[in-house]
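A short worksheet on the structure shown next.
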Amino acid sequence: MGPTRRRADHARQVADLLRRQIVHGNFPRGQLPLEAALAREFGASRNTVREALGLLREEGLVERCPGVGTTVAREKYPHGLHRLLGLAETLHEHGEVTNQVRTMTLMEPPRAVSRRLDLPAGEQVVYLERLRRLNGLPLSLDLTYLVRDVGEPLFDADLEHNDIFVLLESITGQPLGTAELTLEAVNADAHTAAVLDAPPGAALLMVERLTHLADSRPVDLEFIRFRGDRLTMRGHLNRAADKG
């Protein structure tokens with residue numbers, strides 16, 4: 001392995017450690033230490049640190065200004081994965097979440113949606129598309145399919161200022177139970193990028209979530225595209241003791 005490859009590998013390691021510190025708010029005034037100080041902290045050369053900062057700049061996480069140094073470009077908001085919460089419930093400490101309803105209608109869904117919601121073919125669902133903002137900035141584009149009896153009352157609800165989860169519990173008179181979740185990285189298509197005010201091809205966090213009521217009935221299937229530069233996913237995992 002040549003010296004260039006070794007430096008590139010080390011730069012990625014340094015970038016990973018710095019990214020975590022940035023996301024967790026370890027630089028409250030937004031100013032990163034000087035390159036020499038970072039080199040001492042990570043046991044790396046200044047060239048390696050410079051390359052790591054370049055990687056973070058390409059991600060849009062930091063800015064590098066002559067005479068100023070390296071500063072945090074924007075805050076990334078934490079979205080927990082260990083509890084079933086709506087977006088406003090999750091991010092209430094970070095500002096106001098508002099929802100722009102772009103589409104809301106009754107429709108006959110694709111069979112793949114009917115199967116996920118355990119519905120017979122041809123049974124209509126409520127389809128809802130929302131642009132969700134945090135402190136006025138576009139954060140996610142949510143495409144939601146709801147079983148009809150719990151979705152129809154939402155036509156008369158205040159969807160701009162309320163999480164659907166909270167409204168569903170009020171409508172059904174029972175709490176939500178569990179959700180099946182898939183998380184992957186996707187690139188923004190041109191339409192999604194325009195809605196989220198992001199560059200075409202920008203990295204997005206794609207969440208598919210099927211939510212059940214406490215009685216195990218599936219009622220809410222969502223496809224959520226988060227701006228990857230404004231959100232980070234966090235969770236706590238436990239390794240259960242082997243009872244075998």
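Counting begins at 1 with the first residue of the sequence. Remember, it's a predicted structure, so these values are computed and weren't measured experimentally.
The shortest side-chain heavy-atom distance between Leu159 and Leu128 falls under the 4.5 Å cut-off. Contact of the Val207 side chain with the Glu222 side chain is not registered, since no non-hydrogen atoms from C-beta on lie closer than 4.5 Å. The shortest distance between side-chain heavy atoms of Val49 and Leu18 does not fall below 4.5 Å.
Clustering ILVMFWY residues whenever any of their side-chain heavy atoms sit less than 4.5 angstrom apart, transitively, puts Leu137 in a cluster other than the one holding Val72. Under the 4.5 Å side-chain heavy-atom criterion for ILVMFWY residues, no single connected hydrophobic cluster contains both Val166 and Val150. Residue Leu176 is grouped with residue Leu154 when hydrophobic side chains (ILVMFWY) are merged at heavy-atom distances under 4.5 angstrom, including chains of intermediate members. Leu61 and Met233 are not part of a single hydrophobic cluster, where members link through side-chain heavy atoms under 4.5 Å apart. Ile22 and Leu55 are not part of a single hydrophobic cluster, where members link through side-chain heavy atoms under 4.5 Å apart.
By the side chain to side chain contact (heavy atoms under 4.5 Å, CB included) test, Pro33 pairs with Phe27, Ala37, Leu38, sequence neighbours left out. Residues passing the salt bridge (Lys or Arg N to Asp or Glu O under 4.0 Å) test with Arg40, sequence neighbours excluded: none. A search for side-chain hydrogen bond (donor to acceptor under 3.5 Å, both in side chains) contacts involving Glu63 returns nothing, not counting sequence neighbours. Partners of Thr192 by side-chain hydrogen bond (donor to acceptor under 3.5 Å, both in side chains), not counting sequence neighbours, listed by chain and number: Asp189. Scanning for side chain to side chain contact (heavy atoms under 4.5 Å, CB included) contacts around Leu34 gives an empty result, with sequence neighbours left out. Asp197 pairs by the side chain to side chain contact (heavy atoms under 4.5 Å, CB included) definition with Pro138, Arg227, not counting sequence neighbours. Residues passing the ring-ring contact (aromatic ring centres under 6.0 Å, His included) test with Phe165, sequence neighbours excluded: none. Looking at residues two or more places apart in sequence or on another chain, you find a side chain to side chain contact (heavy atoms under 4.5 Å, CB included) between Asp215 and Gln174, Leu213, Arg217.
Under a 3.5 Å cut-off, the side chain of Asp163 and the backbone N or O of Glu89 do form a donor-acceptor pair. A donor-acceptor pair under 3.5 Å is absent between the side-chain atoms of Asp220 and the main chain of Thr211, judged by distance alone.
Between Val14 and Ala52, the shortest heavy-atom distance links the atoms CG1-CB, 3.7 Å. Annotation for Leu134 and Leu139: closest pair CB-CD2, 4.1 Å, computed over non-hydrogen atoms. Contact detail for His161 and Thr98: the closest heavy-atom pair is CD2-CG2, 4.4 Å. Minimum interatomic distance between Asp158 and Leu167 (heavy atoms only, all atoms of both residues): O-CD1, 4.3 Å. When all heavy atoms are compared, the tightest approach of Leu56 to Ala15 is CD2-O, 3.8 Å. Residues Ala188 and Pro199 approach most closely at CB-O, 4.4 Å, considering heavy atoms.
Between atom CG of residue Leu117 and atom CG of residue Leu210 there is a gap of 6.0 Å, rounded to the nearest 0.5 Å. Atoms CG and CZ, on Leu196 and Phe226 in that order, are 10.5 Å from each other to the nearest 0.5 Å. Note that the CG atom of Leu87 and the CG atom of Asn99 stand 7.5 Å from one another [nearest 0.5 Å]. Atom CG of Leu143 is separated from atom CD of Glu208 by 12.0 Å, given to the nearest 0.5 angstrom. In this structure, CD in Glu41 is found 8.5 Å from CG in Leu17, a value given to the nearest 0.5 Å. We find the CG-CZ distance between Leu205 and Arg230 to be 13.0 Å, quoted to the nearest 0.5 Å.
Between Arg50 and Glu35 a salt bridge is recorded (basic side-chain N to carboxylate O distance below 4.0 Å). Under a 4.0 Å N-O distance rule, the pair Asp9/Arg12 qualifies as a salt bridge.
For Arg111, the CZ atom is densely surrounded, since the number of other residues' heavy atoms within 6.0 Å is greater than 12.
Legend: salt bridge (charged side-chain N to carboxylate O under 4.0 Å, His left out) pairs involving residues 169-180, not counting sequence neighbours, sorted by first then second residue: Arg116-Glu180. Residue pairs meeting the ring pair (Phe, Tyr, Trp, His ring centres under 6.0 Å) criterion with at least one member in residues 98-150, sequence neighbours excluded, are Tyr127-Tyr145. Every pair tested for ring pair (Phe, Tyr, Trp, His ring centres under 6.0 Å) that includes a residue from residues 174-218 fails, sequence neighbours excluded, so the list is empty.
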Residues 100-110, side-chain donor-acceptor partners within the protein, below 3.5 Å, at least two apart:
residue, atom, partner, partner atom, Å
Gln100, OE1, Arg133, NH1, 3.2
Gln100, OE1, Arg133, NH2, 3.3
Arg102, NH1, Glu129, OE2, 2.4

Requested in this report: Please lay out, stage by stage, how Asp142 and Thr144 fare under the test side-chain hydrogen bond (donor to acceptor under 3.5 Å, both in side chains).
Outcome: CA-CA 6 Å; Asp142 297 16; Thr144 306; 5.5 Å; no
